[in-house]
There are 2 protein chains.
Amino acid sequence: MVSINREPHLQHREESVEKRLKSAGLRPTRQRVALASLLFAHGDRHVSAEELHAEVEAEGIPVSLATVYNTLHQFTGAGILRVLSIEGNKTYFDTNISDHHHFFVEGENTVMDVPDSGVSVSGLPRPPDGMEIAHVDIVIRLRKNRNKPQN
Amino acid sequence: MVSINREPHLQHREESVEKRLKSAGLRPTRQRVALASLLFAHGDRHVSAEELHAEVEAEGIPVSLATVYNTLHQFTGAGILRVLSIEGNKTYFDTNISDHHHFFVEGENTVMDVPDSGVSVSGLPRPPDGMEIAHVDIVIRLRKNRNKPQN
DNA sequence: CTGTGTGCAAACTCTTTGCATAAGT
DNA sequence: ACTTATGCAAAGAGTTTGCACACAG
């Protein structure tokens with residue numbers, strides 16, 4: 001592959017990304033490396049397929065939208081990405097796999113991570129027979145204060 | 001309006017439904033009454049627009065799908081219905097407005113109410129400035145037990 | 001009557017799919 | 001070389017919208 005990277009530090013990043021993809025059983029193609037770099041370089045992110053597609057194109061790496069969708073689902077299947085449980089007809093992916101929770105701003109329909117989770121849930125019911133709990137998602141829905149200052 | 005109801009108890013149900021709609025500021029049209037009856041008669045429900053449309057048609061009341069969508073959103077705006085916070089490209093509505101939580105079965109993509117909530121959350125973070133917590137949604141994601149019997 | 005609600009069909013957004021071509025090992 | 005991934009364009013779901021007609025008050 002021809003060297004497309006302009007910035008040396010990208011080299012390192014992409015090398016480790018390649019390893020990560022390989023250990024997930026995914027061939028480190030140019031597209032997948034580019035997408036994974038964007039996803040995992042800047043810390044935790046919430047992205048839609050369209051947003052990620054725009055970003056990767058902006059870097060000058062042509063990737064079709066269909067490939068972005070495919071790739072995001074492959075990453076999800078490989079366990080290095082997660083689908084956000086929020087309403088709306090758009091699918092958002094979360095690069096943070098660990099247990100953590102989200103703010104959802106009503107109206108704006110934006111998602112933010114809950115800073116750190118001292119958050120804990122108690123009194124969880126037993127799951128129905130034959131089922132086990134895979135994960136507990138907590139979404140804290142926020143609305144703009146109605147002219148009441150925070151005390 | 002011609003009497004469409006075959007069963008007397010439906011009469012009562014629909015009368016109270018009419019009041020409910022009026023107090024929500026919605027004119028109790030035939031379609032809205034039919035939809036509200038289906039939604040609120042059988043206890044708590046999780047429905048998509050398509051499902052509700054199928055049900056109302058099955059009762060012999062012709063309602064267009066567009067009207068079902070409009071009506072569901074009107075009900076939501078009026079506060080007698082809620083949108084479920086779950087992933088997926090389909091919108092589900094919940095007739096249970098009060099605080100309660102959900103099981104989500106992975107793979108099947110079905111939603112169930114958590115029986116009763118002894119569930120409580122602690123350690124909630126302060127919302128960002130200018131924001132207040134509107135609601136906390138908890139989704140307990142379930143997966144089928146991998147051949148391990150429940151102990 | 002007057003204004004609001006409804007139906008229909010078309011438009012729109014997001015997402016998936018099929019198949020020929022390209023790239024990775 | 002052989003296999004898997006990608007791109008494209010088309011199809012598919014779910015949802016919204018515009019406008020003429022119908023209905024409730």
Side-chain angles (χ1 to χ4, degrees), chain A residues 1-4 14-15 17-36 46-54 56-57 59-78 81 83-84 86-93 109 111, chain B residues 1-4 14-15 17-36 46-54 56-57 59-78 81 83-84 86-93 109 111:
Chain A
M1 129 176 146
V2 186
S3 177
I4 303 189
E14 302 204 343
E15 278 163 27
V17 163
E18 291 198 19
K19 286 180 198 154
R20 189 165 187 173
L21 291 176
K22 273 182 189 154
S23 58
L26 296 169
R27 289 218 299 225
T29 65
R30 184 167 63 222
Q31 291 84 340
R32 299 214 267 230
V33 171
L35 294 171
H46 310 119
V47 284
S48 68
E50 299 253 20
E51 287 164 7
L52 188 59
H53 183 239
V56 74
E57 297 268 270
E59 293 212 337
I61 304 168
V63 182
S64 77
L65 182 56
T67 295
V68 174
Y69 274 105
N70 290 338
T71 303
L72 286 170
H73 286 140
Q74 288 154 358
F75 286 5
T76 302
L81 211 56
V83 174
L84 272 182
I86 51 169
E87 75 193 53
N89 305 333
K90 228 169 170 170
T91 304
Y92 280 86
F93 295 84
N109 286 29
V111 182
Chain B
M1 131 175 143
V2 187
S3 178
I4 302 190
E14 303 205 341
E15 277 164 27
V17 163
E18 291 200 19
K19 286 179 198 155
R20 189 163 187 174
L21 291 177
K22 272 181 188 156
S23 57
L26 297 168
R27 289 218 298 225
T29 65
R30 182 167 63 220
Q31 291 84 339
R32 298 215 266 230
V33 170
L35 293 171
H46 310 120
V47 282
S48 68
E50 299 253 21
E51 287 164 6
L52 188 59
H53 183 240
V56 74
E57 296 269 89
E59 293 212 338
I61 304 168
V63 182
S64 78
L65 182 56
T67 296
V68 174
Y69 274 105
N70 290 338
T71 303
L72 286 170
H73 286 139
Q74 287 153 359
F75 285 5
T76 301
L81 211 56
V83 175
L84 273 182
I86 51 169
E87 75 194 53
N89 306 334
K90 227 168 170 172
T91 305
Y92 280 86
F93 295 84
N109 286 30
V111 182

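The chains referred to below are lettered A, B, ... by the order of the sequence lines, with proteins before strands, and numbering in each begins at 1.
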Non-hydrogen side-chain atoms of T91(A) and Y69(A) separated by less than 4.5 Å
no
Any side-chain heavy atom of V83(A) within less than 4.5 Å of one from F93(A)?
yes
May I have the distance from [X] (atom [atom1]) to [N] (atom [atom2]), rounded to whole angstrom?
X	N	atom1	atom2	result
H53(B)	dA13(D)	NE2	C1'	16 Å
E87(A)	dG14(D)	CD	P	18 Å
R30(B)	dC23(D)	CZ	P	7 Å
E18(B)	dG25(D)	CD	P	8 Å
L21(A)	dT4(D)	CG	P	17 Å

Closest non-hydrogen atom pair between [X] and [Y], with its separation:
X	Y	answer
H46(A)	V111(A)	ND1-O, 3.6 Å
E57(A)	P62(A)	OE2-CA, 3.2 Å
A49(B)	V68(B)	O-CG1, 3.6 Å
S48(A)	K90(A)	OG-CE, 4.2 Å
A34(B)	V56(B)	CB-CG2, 3.9 Å

Under 3.5 Å, which N/O atoms of the protein pair with N/O atoms of nucleotides 15-17 of chain D?
{"from": "dT15(D)", "atom 1": "OP1", "to": "T91(B)", "atom 2": "N", "distance (Å)": "2.5"}
{"from": "dT15(D)", "atom 1": "OP1", "to": "T91(B)", "atom 2": "OG1", "distance (Å)": "2.9"}
{"from": "dT15(D)", "atom 1": "OP2", "to": "Y69(B)", "atom 2": "OH", "distance (Å)": "2.5"}
{"from": "dT15(D)", "atom 1": "O5'", "to": "Y69(B)", "atom 2": "OH", "distance (Å)": "3.2"}

Is it true that a side-chain atom of R32(A) and a backbone atom of R27(A) form a donor plus acceptor pair closer than 3.5 Å?
yes
Distances for protein N or O near nucleotides 1-5 of chain C N or O, under 3.5 Å:
{"from": "dG3(C)", "atom 1": "N2", "to": "R27(B)", "atom 2": "NH2", "distance (Å)": "3.3"}
{"from": "dT4(C)", "atom 1": "O4'", "to": "R27(B)", "atom 2": "NH2", "distance (Å)": "3.4"}
{"from": "dT4(C)", "atom 1": "O2", "to": "R27(B)", "atom 2": "NH2", "distance (Å)": "3.4"}
{"from": "dG5(C)", "atom 1": "OP1", "to": "R32(B)", "atom 2": "NH2", "distance (Å)": "2.7"}

